[in-house]
*Asks:* 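Encoded as structure tokens, here's the structure I'll be asking about.
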Amino acid sequence: MARVFITGSSDGLGRMAAQLLVEQGHSVVLHARNQERGKQAQAAVPQAESVVIGDLASIAQTRGVAEQLNALGTFDAVIHNAGVGYRESRRVATEDGVPHVFAVNTLAPYILTALIHRPKRLVYLSSGLHQGGDASLKDLAWEHRPWQGQQAYSDTKLHDVLLAFAIARRWPDVLSNALEPGWVATKMGGAGATDDLDAGHRTQVWLAVSDDAGAKVTGEYFYHMRRRAPNPAARDAQLQDTLLDACARFSAVTLSK
Ligand SMILES: NC(=O)c1ccc[n+]([C@@H]2O[C@H](COP(=O)([O-])OP(=O)(O)OC[C@H]3O[C@@H](n4cnc5c(N)ncnc54)[C@H](OP(=O)(O)O)[C@@H]3O)[C@@H](O)[C@H]2O)c1
């Protein structure tokens, strides 16, 4: 049985993944943005081992999440699931001065990857919208471009694939993969979502714990437990390194070789 940490497990696909993992007998540590959401997360998944707290929009709090987690020991798998959607109608700057969606969807998984004791497997939640992400990686903080919420989201979801593949290349002892869950009716997806909600959380669980040969790969992109071709830019090692360097500059957190 595995020990798994899931970011953003107070709701949606993260909470569903946590529920499925504990049903399968795995040990799960949850994550929520604040104490109140943490209590709700623990109540929804009472078999969970514990909850760590921190708002991923804040670099300081994201560092705190890594510290809390490391105090609990090591994990077999970490699922970078937390995310915010594509409906932000203006550039919302965080306390660190970056767009909120970039902070939560890009910087936080980078910081946590860098600071959490290295697990055996890493799983990154992307989206089909990453195909339209801006592969120039210019103006990551949207200081020069006119704001477009959906483009900003798509960019961050391309970053998540770049991050997964960068880690797969740098850390050959770790299985690091990305996936798209489909457009499903969570808080983020909205009521009109057309994909199968019950399939939405299964791929992240499978990649985190399954002994299937198909799940024990690295540097791959999945949809519903099948490989799918990612945006070809995500395979560009130079672009991967450009993103890592940019995240290191924004966060002042360095990723070990
Ligand atoms: N739903 C879809 O159709 C869809 C499609 C493609 C990709 N995805 C990806 O799937 C992942 C999960 O999405 P979902 O649909 O399950 O979304 P969701 O229902 O909105 O859940 C998102 C989770 O992330 C947490 N979170 C968001 N911002 C946070 C912050 N600043 N600090 C800490 N926690 C934060 C939320 O906490 P609260 O509950 O407190 O808000 C919640 O637990 C995301 O990465 C998303 O990009 C979803």
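Note that this is a predicted model, so its numbers are computed, not measured. Just so you know, these numbers use all the heavy atoms, side chains as well, and skip hydrogens, waters and symmetry mates.
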*Asks:* Would V92 and M188 show up in the same hydrophobic cluster when neighbours are defined by side-chain heavy atoms closer than 4.5 Å?
*Replies:* no
*Asks:* Specify the closest pair of heavy atoms between L129 and S154, including all atoms of both residues, with the distance to one decimal.
*Replies:* O-CB, 3.2 Å
*Asks:* Remaining members of M225's ILVMFWY cluster at a side-chain heavy-atom cut-off under 4.5 Å?
*Replies:* V4, I6, L20, L21, V22, V28, L30, V45, V51, I53, I79, V123, L125, L179, V205, W206, L207, V209, V217, F222
*Asks:* Considering only heavy atoms from C-beta outward, does the side chain of Q24 approach that of M1 to under 4.5 Å?
*Replies:* no
*Asks:* For E180, does its backbone N or O pair with a side-chain atom of S126 as donor and acceptor, under 3.5 Å?
*Replies:* no
*Asks:* Heavy atoms only: give me the nearest Q19-A44 pair and the separation to one decimal.
*Replies:* NE2-O, 3.3 Å
*Asks:* Give the cluster check for W171 versus L69: same hydrophobic cluster or not, with ILVMFWY residues linked at side-chain heavy-atom distances below 4.5 Å.
*Replies:* yes
*Asks:* Is any side-chain heavy atom of L107 less than 4.5 Å from a side-chain heavy atom of T94?
*Replies:* no
*Asks:* Determine whether the aromatic ring centres of Y110 and F250 lie less than 6.0 Å apart.
*Replies:* no
*Asks:* Kindly compute the distance separating CG (L163) from OG1 (T156), expressed to the nearest 0.5 Å.
*Replies:* 11.5 Å
*Asks:* Could you give me the CA-CA distance, side-chain angles and deciding distance for R33 and L56, then say whether side-chain contact (heavy atoms from CB on, under 4.5 Å) is met?
*Replies:* CA-CA 7 Å; R33 65 172 73 232; L56 300 182; over 6 Å; no
*Asks:* I'd like to know if the side chain of D134 reaches the main chain of D155, judged simply by a donor and an acceptor atom lying under 3.5 Å from each other, with no hydrogens or angles considered.
*Replies:* no
*Asks:* Give the minimum heavy-atom separation between A32 and S10, together with the two atoms involved.
*Replies:* CB-CB, 4.1 Å
*Asks:* Could you pull out all residues at least two apart from Y124 that satisfy ring pair (Phe, Tyr, Trp, His ring centres under 6.0 Å)?
*Replies:* H80
*Asks:* Indicate yes or no: at least one non-hydrogen side-chain atom of L175 is less than 4.5 angstrom from one of K120.
*Replies:* no
*Asks:* Quick one: does T7's side chain have a donor or acceptor within less than 3.5 Å of a partner on A82's backbone?
*Replies:* yes
*Asks:* Going by an N to O cut-off under 4.0 Å, is there a salt bridge joining D241 and R169?
*Replies:* yes
*Asks:* Would R3 and F75 count as a cation-pi pair here, with the cationic atom under 6.0 angstrom from the ring centre and within 45° of the axis?
*Replies:* yes
*Asks:* Which residue in the set T254, V253, L255 passes side-chain contact (heavy atoms from CB on, under 4.5 Å) when paired with S251?
*Replies:* V253
*Asks:* Among the clusters formed by ILVMFWY side chains lying less than 4.5 Å apart, do V65 and V98 turn up in the same one?
*Replies:* yes
*Asks:* Without swapping roles, check the side chain of D212 against the backbone of G214 for a donor-acceptor pair under 3.5 Å.
*Replies:* no
*Asks:* Of all the heavy-atom pairs spanning A193 and A185, show the shortest one and how long it is.
*Replies:* CB-N, 3.4 Å
*Asks:* Is there a donor-acceptor pair closer than 3.5 Å between any side-chain N or O of W142 and the backbone N or O of Q148?
*Replies:* no
*Asks:* Provide the closest heavy-atom pair for T106 versus C247 in the form atom of the first, atom of the second, distance.
*Replies:* CG2-SG, 3.9 Å
*Asks:* Determine yes or no for a side-chain-to-main-chain donor-acceptor pair under 3.5 angstrom, with R145 supplying the side chain and D139 the backbone.
*Replies:* yes
*Asks:* Kindly say whether H31 contributes a backbone atom to a donor-acceptor pair with the side chain of S9 at under 3.5 angstrom?
*Replies:* yes
*Asks:* Going only through I, L, V, M, F, W and Y residues with side-chain contacts under 4.5 Å, is there a path from L115 to L122?
*Replies:* yes
*Asks:* If you take all heavy atoms of Q131 and A229, which pair is closest and at what distance?
*Replies:* NE2-O, 3.1 Å
*Asks:* Out of the candidates Y221, Y223, Y153, only one should pair with H130 under the ring-ring contact (aromatic ring centres under 6.0 Å, His included) rule; please name it.
*Replies:* Y221
*Asks:* Using modelled atom types only, decide if a donor and an acceptor are shared between the side chain of W183 and the backbone of G128 within a distance under 3.5 Å.
*Replies:* no
*Asks:* Below 4.0 angstrom, N of the basic side chain to O of the carboxylate: do R235 and E220 qualify?
*Replies:* yes
*Asks:* Is D96 reaching over with its side chain to a backbone N or O of I59, donor-acceptor style, under 3.5 angstrom?
*Replies:* yes
*Asks:* Is there a donor-acceptor pair closer than 3.5 Å between any side-chain N or O of Q42 and the backbone N or O of A48?
*Replies:* yes
*Asks:* Is the count of non-hydrogen atoms from other residues, nucleotides or ligands lying under 6.0 Å from E143 atom CD greater than 12?
*Replies:* yes
*Asks:* Transitively linked via ILVMFWY side-chain contacts under 4.5 Å: F165 with L112?
*Replies:* no
